[in-house]
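In each ligand, atom 1 is the first atom listed, and ligand 1 is the first ligand listed.
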Amino acid sequence: MEIVTRAARLRAVLHGARSLGRSVGLVPTMGALHAGHASLIERAAAECDLVVVSIFVNPLQFGEATDLDRYPRTLDTDLEGARASGASVVFAPSVEEMWPGWPEPRATSLVVGGVGSLWEGASRPGHFDGVATVVAKLFALAGPCRAYFGEKDYQQLCVVRRLVADLSFEVEVVGCPIVRDADGLALSSRNVLLGAEDRRAALALPEILSAGQAALDEGEQEPAVVARRMAGALAPGSPVVLDYAAVVDAEDLHVPERLDTERPLRLLVAASVGAVRLIDNAPALSVGALVPSAAAGATSR
Ligand code: PAF
């Protein structure tokens with residue numbers, strides 16, 4: 001496995017591979033690799049001839065300096081993990097290499113609207129602008145490839161799909177399922193920041209998602225009622241502070257007027273546990289999908 005720190009070298013390695021007819025898989029990460037990342041790298045290795053894992057804690061996507069400072073950095077272990085999962089190249093640039101002149105503001109950055117302005121976009125202004133800017137740069141450096149993103153950051157995946165469509169990158173975006181601990185907590189690099197008690201309390205997030213699915217399973221058709229059921233799953237006195245819990249259209253992430261729809265839905269939740277912000281999500285079966293006659297009835301009314 002080659003460790004590359006220079007953008008020009010990454011371009012040359014990947015261009016060389018493609019000129020020999022080898023396909024390239026890109027797994028963008030901010031390091032602190034866990035089994036969720038391993039699943040992305042393994043899938044990329046199964047589907048592509050050469051896999052590059054980028055490890056870069058992108059300062060552009062953090063609101064508060066403290067959040068950026070606190071973000072776990074474990075490069076040595078990450079290199080081992082990337083190698084064991086099948087990476088051929090790790091791209092681990094410095095901030096200066098990615099953003100020359102940092103911390104001076106860049107002359108060029110992307111601004112994300114639409115699907116990126118809701119939920120995380122509303123709670124963390126500028127976050128998706130920073131994500132889109134760094135992902136666009138990684139795509140520009142990687143060239144034509146398949147790029148693997150976890151559904152854990154479901155809205156990010158939607159933003160990246162739009163980025164590729166809007167700016168015509170020669171990249172096929174592959175979304176990969178969330179990996180969870182045995183007790184249901186979605187794996188996240190931020191989980192290591194949770195103390196034992198907060199780690200237990202964080203299980204409220206998957207419970208909130210289950211409460212949303214239960215409401216849908218019972219035939220609830222009002223998104224606001226489902227959202228209330230989700231919020232109500234939080235035990236009184238829980239240290240978890242809910243930011244949002246909602247059932248949304250899985251593609252545009254808007255709250256649909258009613259849930260008797262054939263369109264795919266997604267349950268979203270975001271909350272803070274102490275100083276740690278966590279997000280989770282799950283695909284949801286709509287009332288329309290569960291009870292076909294409900295959808296038919298709704299359209300004929
Ligand atoms: O999901 C992440 O780890 C980051 O947002 C990404 C896509 C690597 C961009 O910095």
Side-chain donor-acceptor pairs of residues 42-52 under 3.5 Å, sequence neighbours excluded:
| unit_1 | atom_1 | unit_2 | atom_2 | d |
| --- | --- | --- | --- | --- |
| R43 | NE | E47 | OE2 | 2.9 |
| E47 | OE1 | R146 | NH2 | 2.6 |
| E47 | OE1 | Y148 | OH | 2.7 |
| D49 | OD2 | S23 | N | 2.8 |
| D49 | OD2 | S23 | OG | 3.3 |

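When non-hydrogen atoms are compared, ligand 1 lies under 4.0 Å from neither the backbone nor the side chain of V160.
Rounded to the nearest 0.5 angstrom, L259 CG and L265 CG are separated by 6.0 Å.
For residues 240-278, every residue pair satisfying the ring-ring contact (aromatic ring centres under 6.0 Å, His included) rule, not counting sequence neighbours, is listed here: W119-Y244.
Which of H37, M30, Q61, K137 comes nearest to atom 9 (C) of ligand 1 through a heavy atom is settled by distance: it is Q61.
Residue-ligand proximity, Q156 to ligand 1, at heavy-atom distances under 4.0 Å covers atoms 1 (O), 2 (C), 4 (C), 5 (O), 7 (C). Atom numbering of ligand 1 starts at 1 in the shown order; those under 4.0 Å from a heavy atom of P28 are 8 (C). Listed by number with element, the atoms of ligand 1 under 4.0 angstrom from any heavy atom of V134 are 9 (C), 10 (O).
Under a 4.0 Å N-O distance rule, the pair R161/E172 does not qualify as a salt bridge.
Using a 4.5 Å cut-off on side-chain heavy atoms (C-beta onward), V226 and R229 make no contact.
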